[in-house]
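Below is one structure, written out as structure tokens, with a few remarks after it.
Just so you know, ligand 1 is whichever comes first in the structure, and atom 1 is the first atom listed for that ligand.
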Amino acid sequence: MKFQRPLYLLFSSLPPSHSSHPFISLSLSLSLRLCVFMAPSFESPQQPEGEIASDNNTHDEVLQKSRVTVVGSGNWGSVAAKLIASNTLKLTSFHDEVRMWVFEETLPSGEKLSEVINRANENVKYLPGIKLGKNVVADPDLENAVRDASMLVFVTPHQFMEGICKRLVGKIREDAKAISLIKGMEVKMEGPCMISTLISEQLGINCCVLMGANIANEIAVEKFSEATVGYRQDREIAEKWVRLFCTPYFIVSAVQDVEGVELCGTLKNVVAIAAGFVDGLEMGNNTKAAIMRIGLREMKAFSKLLFSSVKDSTFFESCGVADLITTCLGGRNRKCAEAFAKYGGKRSFRRA
Ligand SMILES: NC(=O)C1=CN([C@@H]2O[C@H](COP(=O)(O)OP(=O)(O)OC[C@H]3O[C@@H](n4cnc5c(N)ncnc54)[C@H](O)[C@@H]3O)[C@@H](O)[C@H]2O)C=CC1
Ligand SMILES: O=C(CO)COP(=O)(O)O
């Protein structure tokens with residue numbers, strides 16, 4: 001019964017022009033009826049629908065509000081800050097303000113990016129045209145941005161994380177909890193290192209992951225999508241992350257398989273590059289579907305080779321097959337590979 005609620009939400013979030021289509025309105029009415037019928041057995045997490053009603057916080061949590069800092073402010077980082085900021089305003093267990101660490105840049109106008117974000121409430125470089133929420137505060141000082149935070153959301157390109165972690169040692173709260181939205185891994189001489197492991201080991205804190213079919217620009221305009229939180233042992237922490245991220249258009253569920261979720265988010269990028277080559281060489285949809293099917297099978301085999309604990313079921317969550325599909329259809333990795341193949345490999349990925 002896990003699917004009816006998201007299905008209902010998907011259709012109920014459609015604009016009137018879509019929901020008036022005969023097929024969609026039939027599906028909508030069936031979903032609504034199923035929804036009402038099945039309501040008590042929904043497995044999907046609580047939605048933040050009202051001021052306090054949606055916040056399953058305990059008395060202690062209310063007394064100790066969690067402060068959230070987003071480390072990263074690119075395309076997905078900015079959207080994550082927007083999502084979180086809409087929830088911290090509603091949920092009493094979180095401070096309203098969301099700090100967002102900005103890797104400072106000078107814009108062509110000569111202004112500093114962080115100053116423009118705070119003035120315009122918009123990341124004009126990485127997410128133009130979208131208001132982040134007045135409670136998002138951009139901060140170019142990494143140490144200051146994380147100082148009082150008890151919940152740290154890491155969302156930078158993976159290659160910067162080792163340096164960021166080194167700078168954060170001894171600078172964060174001892175009881176801080178982390179989540180990584182980063183799709184990638186460090187490949188060292190000793191072997192691959194997951195980013196959540198890097199964070200946990202270098203900073204000595206618990207680190208969950210959030211991955212899924214999440215093209216940032218779509219979520220920015222509140223189009224429906226799902227995501228998966230992967231956690232190691234502590235279900236309560238995972239549920240807190242779910243509450244922080246969940247909105248009616250962004251449905252999050254938690255699975256106890258941190259490596260499986262993170263490997264899905266990482267390895268699907270390799271398959272998306274292959275899918276881009278197929279597009280660039282105009283090999284057709286059947287070939288692309290084959291790449292995706294075989295790619296998914298290889299993702300699973302590779303993941304299990306690295307971590308025998310990885311669960312088969314994880315590949316059927318949003319972080320698995322759904323992210324693979326969306327990235328092979330609309331992701332930036334696919335786009336770069338398509339352009340590269342189109343120009344016979346004579347264009348670098350950077351120029352593509
Ligand atoms: N954009 C998307 O649709 C999605 C992205 N992701 C993942 O999120 C992570 C972050 O990606 P985006 O937010 O899209 O970033 P982005 O690719 O839009 O922007 C790059 C970011 O890196 C920063 N940066 C540049 N040089 C830096 C340095 N030396 N140190 C630290 N930061 C530096 C830039 O200021 C900018 O904030 C990646 O791992 C990506 O795979 C995951 C889901 C969706
Ligand atoms: O991870 C993504 C969607 O879930 C985005 O993928 P790209 O980085 O290829 O755009």
Is there a donor-acceptor contact under 3.5 Å linking the side chains of K183 and T266? no
Going by atom types alone, do N135 and D96 pair a side-chain donor with an acceptor below 3.5 Å? no
Residues which pass side chain to side chain donor-acceptor pair (under 3.5 Å) with S78, listed by chain and number, not counting sequence neighbours: N123
Report the residues that fulfil side chain to side chain donor-acceptor pair (under 3.5 Å) with N269, sequence neighbours left out, ordered by chain and then residue number. N333
Please verify the inter-ring angle class for F245 with F250; under 30° counts as parallel, over 60° as perpendicular, anything in between as tilted. tilted
Value for NZ (K311) from NZ (K300), rounded to nearest 0.5 Å, stands at 14.5 Å
What do the steps show when you test C328 against R334 for side-chain contact (heavy atoms from CB on, under 4.5 Å), and what is the final call? CA-CA 6 Å; C328 287; R334 186 215 67 83; 5.5 Å; no
Quick check: do S200 and I205 have side-chain heavy atoms less than 4.5 Å from each other? no
Begin from the C-alpha positions of E122 and K82 and carry the test salt bridge (charged side-chain N to carboxylate O under 4.0 Å, His left out) through to its verdict. CA-CA 10 Å; E122 186 181 321; K82 173 184 183 279; over 6 Å; no
Output block, N or O contacts of ligand 2, threshold 3.5 Å exclusive:
from: ligand 2; atom 1: 1 (O); to: K183; atom 2: NZ; distance (Å): 2.8
from: ligand 2; atom 1: 1 (O); to: K268; atom 2: NZ; distance (Å): 2.7
from: ligand 2; atom 1: 4 (O); to: K183; atom 2: NZ; distance (Å): 2.8
from: ligand 2; atom 1: 4 (O); to: G212; atom 2: O; distance (Å): 3.0
from: ligand 2; atom 1: 4 (O); to: N214; atom 2: N; distance (Å): 2.9
from: ligand 2; atom 1: 4 (O); to: D323; atom 2: OD1; distance (Å): 2.6
from: ligand 2; atom 1: 6 (O); to: K268; atom 2: NZ; distance (Å): 3.4
from: ligand 2; atom 1: 8 (O); to: R332; atom 2: NE; distance (Å): 3.4
from: ligand 2; atom 1: 8 (O); to: R332; atom 2: NH2; distance (Å): 3.3
from: ligand 2; atom 1: 8 (O); to: N333; atom 2: ND2; distance (Å): 3.4
from: ligand 2; atom 1: 9 (O); to: R332; atom 2: N; distance (Å): 3.0
from: ligand 2; atom 1: 9 (O); to: N333; atom 2: N; distance (Å): 2.9
from: ligand 2; atom 1: 9 (O); to: N333; atom 2: ND2; distance (Å): 2.7
from: ligand 2; atom 1: 10 (O); to: R332; atom 2: N; distance (Å): 2.7
from: ligand 2; atom 1: 10 (O); to: R332; atom 2: NE; distance (Å): 3.2

Show me the short polar-atom pairs for ligand 1: any N or O of it lying under 3.5 Å from a protein N or O, with distances only.
from: ligand 1; atom 1: 1 (N); to: N75; atom 2: OD1; distance (Å): 3.2
from: ligand 1; atom 1: 1 (N); to: R332; atom 2: NH2; distance (Å): 3.2
from: ligand 1; atom 1: 3 (O); to: A216; atom 2: N; distance (Å): 2.9
from: ligand 1; atom 1: 13 (O); to: N75; atom 2: N; distance (Å): 3.3
from: ligand 1; atom 1: 13 (O); to: W76; atom 2: N; distance (Å): 2.9
from: ligand 1; atom 1: 13 (O); to: G77; atom 2: N; distance (Å): 3.1
from: ligand 1; atom 1: 14 (O); to: W76; atom 2: N; distance (Å): 3.3
from: ligand 1; atom 1: 14 (O); to: R332; atom 2: NH1; distance (Å): 3.4
from: ligand 1; atom 1: 14 (O); to: R332; atom 2: NH2; distance (Å): 3.4
from: ligand 1; atom 1: 17 (O); to: R332; atom 2: NH1; distance (Å): 3.3
from: ligand 1; atom 1: 18 (O); to: N75; atom 2: N; distance (Å): 2.9
from: ligand 1; atom 1: 35 (O); to: E105; atom 2: OE2; distance (Å): 2.9
from: ligand 1; atom 1: 37 (O); to: G74; atom 2: N; distance (Å): 3.1
from: ligand 1; atom 1: 39 (O); to: K183; atom 2: N; distance (Å): 3.1

